[in-house]
Q: 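Once you've had a glance at the structure underneath, I'll fire off some questions.
In the text below, chain A, chain B and the rest are named by the order of the sequence lines, each starting its count at 1. Every heavy atom of this structure was used, including side-chain atoms; hydrogens, water molecules and symmetry mates were not.
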Number of protein chains: 2
Amino acid sequence: MKKRVLISDIAKALGISVTTVSFILNDKAKEKRISDAMTKRVLDYVKKVGYKPNQLAKSLRTGQTKILGLLVEDIANPFFSNVAKYIERQAYDAGYHIIYCSMNNDGQKAKELIQMFMDRQVDGFIITPSEGLEDTIANIRQNNIPVVLFDRYIPTVDTHYVVSDNKKGAYEATKHLLENENKRVGLISLYSNQTQMRDRLEGYMQAMDEFQLQSYIKKLQLGAPEQDAKDQILEFIVDNKMDAVLFSTNYLAVSGLKALKEHRIPLPRMAAFDEHTLFKLHDPSITVVSQNIEQLTKELIQTLVADIAGRSKELRKITIPCELIIRESSIVTLPEQIS
Amino acid sequence: MKKRVLISDIAKALGISVTTVSFILNDKAKEKRISDAMTKRVLDYVKKVGYKPNQLAKSLRTGQTKILGLLVEDIANPFFSNVAKYIERQAYDAGYHIIYCSMNNDGQKAKELIQMFMDRQVDGFIITPSEGLEDTIANIRQNNIPVVLFDRYIPTVDTHYVVSDNKKGAYEATKHLLENENKRVGLISLYSNQTQMRDRLEGYMQAMDEFQLQSYIKKLQLGAPEQDAKDQILEFIVDNKMDAVLFSTNYLAVSGLKALKEHRIPLPRMAAFDEHTLFKLHDPSITVVSQNIEQLTKELIQTLVADIAGRSKELRKITIPCELIIRESSIVTLPEQIS
DNA sequence: ATGAAAGCGCTAACAC
DNA sequence: GTGTTAGCGCTTTCAT
């Protein structure tokens with residue numbers, strides 16, 4: 001095991017002080033008016049011996065870890081894993097690293113995780129807040145640590161957030177479903193007060209009201225066993241003779257498709273929130289309300305980095321439009337008849 | 001912003017020394033024979049003021065960060081995001097946190113990332129090594145940092161690894177395809193020398209040889225644009241009039257399905273490596289060689305944690321069996337005729 | 001049984 | 001321009 005070279009080793013080897021080396025290493029050579037010759041000599045030597053600063057010591061001293069804490073609902077959900085991928089790349093480009101965790105709707109675990117991230121002195125937080133996290137997030141703010149909420153926000157806590165325009169997305173999807181000669185259009189969602197779920201519900205309602213049609217709303221328990229979800233979705237669709245259904249999350253739609261397939265029941269017209277590889281390739285392919293992950297994450301990182309740098313005077317509350325991607329599942333024409 | 005309470009604040013408030021507090025906090029009260037009364041007094045006070053040690057300072061001092069570096073090929077691939085989910089949970093249970101990155105087949109980025117993780121003093125590495133990482137991984141070993149390779153390994157570098165029995169998996173899948181009256185059975189894989197790809201190829205070959213049939217092997221460029229992959233897969237299947245095909249990764253199979261669907265070409269019998277939500281719900285559902293993610297990750301973390309604790313005398317090279325999950329896509333009977 | 005103090009590796013205020 | 005040194009918050013040796 002080769003010994004790590006320290007800044008003091010460099011100073012000693014070159015017969016100069018650690019300060020000079022430190023200044024040069026931190027791009028303060030010009031500012032401190034260190035001679036170009038010295039600067040070059042140090043830089044060359046540093047490269048030669050492959051010196052790498054100990055980030056821990058640096059962080060302890062500066063109070064900056066260059067690490068961001070990312071808390072997502074479930075990393076195994078393709079929506080969130082894609083988000084993670086983009087965030088990681090954008091953070092990397094901005095010189096940050098990510099520590100992440102899935103919360104899996106476990107409020108207690110979420111709290112612990114956030115505390116641990118704070119103990120680790122993360123420079124900032126990116127959180128998809130589950131319910132009951134008001135206090136914890138308020139606590140982060142009190143400790144003056146930058147936070148950006150994502151995918152949903154907490155109305156009672158004033159923070160930055162970046163979310164999609166869920167209401168408009170749900171409205172347009174529902175309207176699209178209604179325009180295709182469907183009367184009995186239902187919504188399958190969750191017992192949840194999270195803003196994105198509320199907004200999707202509102203969007204659905206607005207469209208139903210506009211068409212003056214009765215609404216059919218089925219809510220499922222968050223984190224319930226999938227079999228329960230499947231049973232209830234099936235019952236809802238069959239009993240109500242649904243013409244069309246909007247699913248408020250991709251995994252609810254997946255459960256629905258599983259249930260329908262298992263019982264060989266023909267699909268109602270349908271649409272779902274959030275893209276999924278399955279939806280493009282399913283037969284029929286599934287219409288979705290797609291969130292613009294690239295733009296969402298870009299705004300997210302920008303907002304967070306600006307806050308960390310102290311460059312943000314005010315809270316940024318950003319809403320990004322969704323895109324309705326119409327596929328076979330929502331249109332009346334049979335798949336075979338499409339051009 | 002409330003000021004963080006330090007260990008010295010506690011000592012001062014209680015009129016004792018930091019040493020005593022530190023001993024008590026690190027469960028060395030008994031060992032150092034500190035009185036129970038004192039211990040209780042300190043613990044109570046600590047709880048009351050909500051003292052949380054600064055992990056950075058602790059790490060700087062002890063050299064232990066309790067952070068593991070996880071480098072996966074692509075976090076957006078459901079196989080890897082599931083792996084990440086399990087690893088994170090297991091690591092958490094063992095008192096570790098994860099910093100992760102996707103390498104996206106970018107060797108240069110991978111090297112940088114590994115270096116940055118080393119600068120961050122991670123306690124250990126979990127890596128799905130892409131090609132050309134021999135030196136970097138050897139370098140980690142030289143620095144005496146525990147590493148476990150995963151999903152594939154590097155034959156020329158002696159490390160722990162945990163992989164699936166890819167050869168047997170491919171062999172069984174191919175044999176299954178052959179037993180269903182298919183003669184022209186092809187393999188769609190990648191130009192890659194990674195062990196998992198080589199093993200899958202070998203398994204396919206072994207089955208073909210056993211049946212004394214000509215093999216059809218199509219390799220695609222790693223990281224090529226999806227359109228190219230789609231075109232080439234289509235051409236391979238059509239030109240060779242394939243009866244059946246084994247895809248060596250889930251995303252190759254997804255590309256294949258897309259291509260076939262777009263051109264309305266009937267599916268050959270098929271099977272793919274690695275589970276995917278799509279495969280269960282596709283019509284027909286897709287037969288897969290499924291890796292046992294739970295067991296893989298469990299062995300992984302056990303091995304890594306044991307090494308970090310200095311409890312591992314020798315290198316562990318673990319191979320976990322795959323499971324062939326037979327679905328509609330690989331059997332001759334038409335979906336409609338299944339019970 | 002408890003405390004003083006060194007030191008982990010780095011940055012930066014201050015000195016010259 | 002460059003060097004000396006305190007100090008980030010903690011653990012742990014050594015002294016008492």
Side-chain angles (χ1 to χ4, degrees), chain A residues 2-43 45-46 49-67 118-123 143, chain B residues 3-43 45-46 49-67 116 118-123 143:
Chain A
K2 48 185 176 185
K3 201 165 103 279
R4 256 189 107 91
V5 20
L6 309 179
I7 209 167
S8 54
D9 296 333
I10 298 174
K12 205 170 296 168
L14 263 34
I16 56 176
S17 85
V18 292
T19 314
T20 310
V21 180
S22 175
F23 282 153
I24 293 173
L25 256 24
N26 290 289
D27 292 322
K28 289 183 181 153
K30 284 275 167 289
E31 184 186 327
K32 299 291 176 182
R33 302 200 289 178
I34 290 167
S35 69
D36 287 0
M38 174 99 288
T39 303
K40 184 170 170 0
R41 202 155 75 91
V42 171
L43 256 22
Y45 185 78
V46 161
V49 298
Y51 165 77
K52 302 287 172 188
N54 179 325
Q55 296 293 339
L56 281 177
K58 197 167 180 164
S59 295
L60 178 60
R61 187 58 234 242
T62 62
Q64 289 243 323
T65 55
K66 291 286 176 181
I67 292 182
M118 289 179 65
D119 299 345
R120 287 255 141 73
Q121 322 277 113
V122 296
D123 287 346
N143 282 62
Chain B
K3 203 166 104 280
R4 255 190 109 88
V5 19
L6 308 180
I7 207 169
S8 55
D9 296 333
I10 299 174
K12 204 170 297 169
L14 262 37
I16 57 177
S17 85
V18 292
T19 314
T20 310
V21 180
S22 175
F23 282 153
I24 293 173
L25 255 24
N26 290 287
D27 291 323
K28 292 189 178 143
K30 282 277 166 287
E31 184 186 327
K32 299 290 174 183
R33 301 197 290 180
I34 291 166
S35 70
D36 287 359
M38 174 98 289
T39 302
K40 186 174 174 351
R41 202 156 73 91
V42 171
L43 257 21
Y45 184 77
V46 161
V49 297
Y51 165 77
K52 302 286 172 187
N54 179 325
Q55 296 293 339
L56 280 178
K58 198 166 181 163
S59 295
L60 178 61
R61 186 58 233 239
T62 61
Q64 289 244 324
T65 54
K66 291 285 177 183
I67 292 182
M116 293 187 106
M118 289 181 64
D119 299 345
R120 288 252 141 74
Q121 322 278 112
V122 295
D123 287 348
N143 281 63

Q: By nearest heavy atom, map B:A57 and B:V18 onto DNA chain C; which one lands nearer the 5' end?
A: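 Taking each residue's closest nucleotide, the earlier one in sequence belongs to B:V18.
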Q: Does D:dT11 have OP1 or OP2 under 4.0 Å away from a side-chain N or O of B:K58?
A: yes
Q: I'd like to know if the side chain of A:D119 and the backbone of B:Q55 have a donor-acceptor N/O pair within less than 3.5 Å.
A: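 No.
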Q: Please state how far atom CZ in B:R61 lies from atom P in D:dC10, giving the value in whole angstrom units.
A: 13 Å
Q: Answer yes or no on whether B:K28 is positioned over the face of B:F23, meaning its NZ or CZ is under 6.0 Å from the six-membered ring centre and within 45° of the axis.
A: no
Q: Would you say a side-chain N or O of A:Y51 is under 4.0 Å from OP1 or OP2 of C:dG9?
A: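 Negative; the distance criterion is not met.
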Q: In whole Å, what is the span from the CG atom of A:N54 to the P atom of C:dG7?
A: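 That distance rounds to 18 Å.
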Q: Starting at atom CZ of B:R41, determine the distance to atom P of C:dA1, rounded to an integer number of angstrom.
A: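 Result: 17 Å.
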Q: Does any part of the side chain of A:R120, heavy atoms only, come nearer than 4.5 Å to the side chain of A:T65, both counted from C-beta?
A: no
Q: Side-chain donor or acceptor of A:T19 under 3.5 Å from a matching atom on the base of C:dT11?
A: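 In this structure, the two groups form no donor-acceptor pair.
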Q: Mapping B:I34 and A:K52 onto DNA chain C by nearest heavy atom, which one lands closer to the 5' end?
A: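 Comparing both residues, the 5'-ward one is B:I34.
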Q: With a 4.0 Å cut-off on N to O distance, would you call A:K30 and A:D36 a salt bridge?
A: yes
Q: Whole-Å distance between D:dG3 C1' and A:I24 CD1?
A: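 So the CD1-C1' distance, A:I24 to D:dG3, works out to 13 Å.
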Q: CZ of A:R120 versus P of D:dC8: gap in Å, rounded?
A: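 Answer to the nearest Å: 22 Å.
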Q: Looking for any heavy atom pair under 4.0 Å, which part of the strands does A:L60 touch: base, sugar-phosphate only, or nothing?
A: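 Since a base atom lies under 4.0 Å of A:L60, the category is base.
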Q: Just call it for A:L56: base, sugar-phosphate, or nothing, with non-hydrogen atoms closer than 4.0 Å on any strand.
A: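 No contact.
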Q: Report which part of the nucleic acid B:S22 touches: base, sugar-phosphate, or nothing (heavy-atom distance under 4.0 Å, all strands).
A: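 Answer is base: heavy atoms of B:S22 come under 4.0 Å of a base.
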Q: Using the closest heavy atom to pick a nucleotide of DNA chain D for each, name whichever of A:M38 or B:T62 lands nearer the 5' end.
A: A:M38
Q: Please work out if A:K32 contacts a base, only the sugar-phosphate, or nothing of the nucleic acid, heavy-atom cut-off 4.0 Å.
A: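 Base contact.
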Q: Is there, by distance only and without an angle test, a donor paired with an acceptor across the side chain of A:R4 and the base of C:dG9 below 3.5 Å?
A: no
Q: Find the distance B:L6:CG to D:dC8:P and express it as a whole number of Å.
A: 8 Å
Q: I need the CD-P distance between A:Q64 and C:dG9, as an integer number of Å.
A: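 For the pair A:Q64 CD and C:dG9 P, the rounded distance is 22 Å.
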Q: Distance check, rounded to the nearest 0.5 Å: B:I7 atom CD1 versus B:N54 atom CG?
A: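 The CD1 atom of B:I7 sits 11.0 Å away from the CG atom of B:N54.
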Q: Between D:dA15 atom C1' and B:F23 atom CZ, what is the distance in whole Å?
A: 12 Å
